[in-house]
S.K.: 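Here it is, the structure in full.
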Amino acid sequence: MDFDQAIAVANATLQAHCDRPLSDLEVELLRGAWQQLTYEEIATASGYSLNYLQRDFGPRFWKLLSEAYGRKVSKVNARAVLLKGVGSEERGSGGVKGESTLTPHHPITPSPHNPTTPYPLPPTPPLHHPITPLASLPPDEPPRLVGRQAEWAMLLQWGTGLGQPGASDLTRPVLLLTGEPGIGKTCLLEAFCAVARSHQAQVLWGSSFAAEMMRPYGTWIDVLRSLPLTTSAGLPPELGFLLPELGQPAQALPDPSHLFDAVVQLLDGLARQAPLLLVLDDIQWLDEASSALLHYAIRVLRPLPVWVACTARSAELAANSAVAHVLRSLRREQRLQSLEIQPLDAAQIADLIDGSETHSPASAAQVFADSGGNPLLALEIARSRGQNQANSAHTLDALIGDRLEQLDEPTRELLPWLAALGRSFQPDTVARVADCSMGQLLAGIEQLEQQSIIRPRTALAVAGPQPTAGYDFAHGILRQVVYRQISPPRRQLIHRQIAQRLHHHTPDDETLASDIAYHAGLGGDPALAVAAAVMAAERSLKLFAYGEALQQAQQGLAHAQVLDRPAQILAQTQLLRVSALAGFSSESAAQLEIEAQQLMQAAKLLGLTDAEAGALEILLILQFEGNNYRKVHQHSLRAAEVGRLASPVTTARMLAYSGACLAEIGRDMARAEALLLEAQSLASRAGIEHCDIASGLGSVHRHCGRYDQARLHFQRAWRMAQTQRDHWRESTCLSYLAMTELESGALDAALPYCDEMAAVAENMPEDSSAAAIAQALAAVAHYQLETPTAAPELALAIAALEEADAKRMLAYVLMQVAEMDLRCDRGDLALSRAELALANAQIINHPSEIAQSWAIVVQGAIATGNIPRALTEFDALHQSIDLYELNLPAKTAVTLALEQIQPYRSQPNH
């Protein structure tokens, strides 16, 4: 059975489920799973970033495929699922089924009221249904689009249904207008938006800017701010991460799907009220996070009356790999309609000049020759000649420069500040950064509006008492020309003042951090650039914009090179920590470890304890993610030692993290408890809480068999994780609570925690092992309660753990049921399960689980009458363990094995 056959069946299955074929990237992901490649290898082969594949695209695709197949599909089991699908297809019909033989499923979308609760959409309409034209505009009726009649007709045809509430068409493509700057892409869509609004459609508009490609979700922030949201009531709270005026959520996002779902839910709700037109301008400058959200929104909103139109500069589009991948996927799915806007011909240029305010006696043929048919350039040439300016100035920069010379001196002095801000501006912000009175500013704005150099933008009425008017240049080229005309020294001074003023007035505003870093970098203020880059990168991590976080970290590291050595080391530590948390390949992990070791040594020599502690934290992250528990142990002890010399907040964090790491790996538990209690005392004095403290103390008490205390600490950690909406920690705490109840003998009490954990697992990525762990712990409880269906349930649970590669939990489950098998005189079964448990425990190198499973092997050998093996295994076990370091279940198992083996050890032949 080959991959092509399997992918054909998968394609048909997905087509039946959501009426679309597999995209290029989805095929590549399945190919990688088929070949058992790692995410890192798939990322290298496909050209996508590792973070995007592993943390964003992959989980969403496996969830979609699971819905299509009606069973859980992940990268681990995708090959088996595909093979099974091929087999069933061949048995059923001798080949790949067509759509007519498959039962269709309606896609689901997140509920507007709950980001994690899906609900079915209304039945989708037929693919070919009667259509009503959007509008019937006479050729001479506004908007007056010279030479664009064919493009306008195509737009109207594409927009069919925008005037019909409830209209939907699954065949409707995404529209992409491309062309050179000034060719009229934006003008066409602005006119189309006006017609759409007149037909009661809703219009949302967002623009991208070259200077803001590292500003996560910048375009989507524009989109959301084009909505007249006068209150945050009823809106998903996650939107506060993009729109701080809604009120910043108290806790960080647990995963990017929450943010994606929050935006899509808002659009979903709008589209159910009236048809929705979403326009994204200049997507060649779209940031990576915005690109991923765009692809997700297009896919999820497809069954709804949502029209998506984009513009892009042809020459610059290919340079943006994230956008290029989205477009390639849409093109592969035949969901992209591209329209290249061509230059006007000579007659059209003559008509344009004749009908414009810049009409002049200039020869239309000469204007056409000089402009090359570019409408914006033609109008500027005609304007300059109409004002008796030098005919030699035929470049756009020179023409616009001549036009700006007509402004009065105060207004010309204002322009560089507006251009340097790099995006839409608000009068109060300009007045603050440019040392300009509001009266002077308003006079300048009035003149700039009269000269059509700037124009008002949609009022921002988001959860505020009064709408805030914003302005932008009438065309991006105007902004670029103004900016290029600023001399480099003055440009640097302007950027520096913007950065310093923004920082002075809003020092703790994370949403402005990337802007401040950008301006400080261009303004020659490396210290401020680095500090803002750290804040911006950490905010990007909270928003799961890992690509942007890495770019911000890299820029911050570049600026840090010119700082004095102590400041440089601290900054490098903070930014490398971001790089570690944003994700790393095996190759980059080795380089990060080298750099962290070097920073740790340099910080130690200079007595920079905060930096040394930060470098140790990087090493802990790297080793813990790599399952190198021996080094985790070493680094945890060192981090605790160094942390005590750092600032109180850093000390509390490092002690908590170190103690929790030691408790998690089951080593040096007395030290772990002391560290956690010290962290608890410091945190209490500082008025802060750490989930690691409660969870770590729970692990210490459970290790020692103090189950009542362990339960209280785990429950407290669980509540903190719930408050922080940290699904990973929540599921971990629930698993610990379930295991605590199993070990204490309260089997019935373990089951509710398993149910809670299964519910939490639904909100986690598809490749998470949380669901398999919840299923397995429930199966252990049922097996020990001897329920009728326990045995097949346990077999399924063990298979799920093996599929998820959850070795530690697999060892735990096998030990629990093996002990039950021994009590029920199933010696052979107990021995085989204990052997498998020991193999997994040795891989993860957890001392207590190695000892407990090994002791059960000894007991199993005795139960099956294999006394020589029991003696050999016990001797090996006895030589490799420190009984004092073991947890209570392991000590109990070793003691019982010793009692059972002792009579045989005392015999003369043994």
Side-chain angles (χ1 to χ4, degrees), residues 209-218 221 244 248 287 416-426 428-436 483 486-543 545 548-579 581-582 599 602-603 606 608 610-611 614-615 647 649-650:
F209 301 94
E212 298 180 13
M213 288 187 69
M214 286 193 299
R215 177 183 172 226
Y217 307 102
I221 292 172
Q248 185 80 2
D287 61 275
W417 296 94
L418 306 184
L421 281 170
R423 59 187 175 94
S424 60
F425 56 88
Q426 297 176 22
D428 55 346
T429 301
V430 179
R432 186 185 307 136
V433 301
D435 289 324
C436 175
Y483 187 75
I486 309 171
S487 67
R490 189 181 180 204
R491 191 183 299 169
Q492 184 179 63
L493 290 172
I494 288 173
H495 281 295
R496 182 185 303 169
Q497 184 160 320
I498 290 174
Q500 293 174 349
R501 293 293 175 84
L502 288 176
H503 175 66
H504 175 74
H505 288 279
T506 55
D508 300 319
D509 189 347
E510 291 182 340
T511 62
L512 290 177
S514 62
D515 291 339
I516 294 172
Y518 169 75
H519 290 296
L522 293 176
D525 188 342
L528 181 54
V530 168
V534 171
M535 183 182 289
E538 289 178 346
R539 180 173 187 267
S540 293
L541 287 179
K542 294 177 186 177
L543 296 175
E548 286 74 14
L550 287 170
Q551 289 181 38
Q552 289 156 344
Q554 289 302 314
Q555 287 210 348
L557 288 168
H559 292 308
Q561 296 301 317
V562 299
L563 299 180
D564 62 77
R565 188 58 177 156
Q568 182 186 95
I569 291 172
L570 181 59
Q572 288 173 332
T573 302
Q574 293 170 320
L575 292 164
L576 283 178
R577 177 179 175 273
V578 168
S579 299
L581 291 172
L599 284 174
L606 295 176
L608 304 173
D610 275 11
S647 63
V649 173
T650 300

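Fair warning: this is a prediction, and the values are worked out from it, not measured in the lab.
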S.K.: I need the minimum non-hydrogen distance between Gly523 and Arg496, along with the two atoms involved.
M.R.: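 Taking Gly523 first and Arg496 second, the nearest heavy atoms are O-NE, 2.7 Å.
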S.K.: Identify the two heavy atoms, one from Gly556 and one from Val530, that lie closest to each other, and give their separation to 0.1 Å.
M.R.: O-CG2, 3.5 Å
S.K.: If you round to the nearest 0.5 Å, how far is CZ of Arg432 from NE2 of His504?
M.R.: 10.0 Å
S.K.: How many angstroms lie between atom CG of Leu493 and atom CD1 of Ile498, to the nearest 0.5 angstrom?
M.R.: 11.0 Å
S.K.: Find out whether Glu538 and Arg577 are in side-chain contact, i.e. whether some heavy atom of one side chain is under 4.5 Å from a heavy atom of the other.
M.R.: yes
S.K.: Could you pull out the closest heavy-atom pair between Ile221 and Arg215, with the gap in Å?
M.R.: CG2-NH2, 3.8 Å
S.K.: Could you grab the distance from atom CD of Gln551 to atom OG of Ser540, nearest 0.5 Å is fine?
M.R.: 9.5 Å
S.K.: Let me confirm one number: the CH2-CD1 distance from Trp417 to Ile486, rounded to the nearest 0.5 Å.
M.R.: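 If we round to the nearest 0.5 Å, Trp417:CH2 and Ile486:CD1 are 9.5 Å apart.
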S.K.: If you take all heavy atoms of Leu522 and Gln492, which pair is closest and at what distance?
M.R.: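 It is O-CG, 3.5 Å.
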S.K.: I'd like to know whether Leu418 forms a side chain to side chain contact (heavy atoms under 4.5 Å, CB included) with Val430, so could you lay out the CA-CA distance, the side-chain angles of the two residues, the decisive distance to 0.1 Å, and finally the verdict.
M.R.: CA-CA 7 Å; Leu418 306 184; Val430 179; 3.7 Å; yes
S.K.: What is the minimum heavy-atom distance between Pro507 and Met535, and which atoms define it?
M.R.: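 For Pro507 versus Met535, the nearest heavy atoms are O-CE, 3.7 Å.
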S.K.: Evaluate Asp525 against His519 for side chain to side chain contact (heavy atoms under 4.5 Å, CB included), listing each step before the verdict.
M.R.: CA-CA 9 Å; Asp525 188 342; His519 290 296; over 6 Å; no
S.K.: Just how far is it from atom CD of Gln555 to atom OH of Tyr518, taken to the nearest 0.5 Å?
M.R.: 10.0 Å
S.K.: For the atom pair CD (Gln574) and CG (Asp610), what is the distance rounded to the nearest 0.5 Å?
M.R.: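 CG of Asp610 is found 9.0 Å from CD of Gln574.
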S.K.: Looking only at heavy atoms, which two atoms of Ala529 and His559 are closest? And how far apart?
M.R.: CB-CD2, 3.7 Å
S.K.: Evaluate the side-chain proximity of Asp435 to Arg501: yes if any heavy-atom separation is below 4.5 Å, no if none is.
M.R.: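 Sidechains of Asp435 and Arg501: in contact.
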S.K.: Quick one: does Gln552's side chain have a donor or acceptor within less than 3.5 Å of a partner on Ala533's backbone?
M.R.: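 Looks like no, no N/O pair under 3.5 Å.
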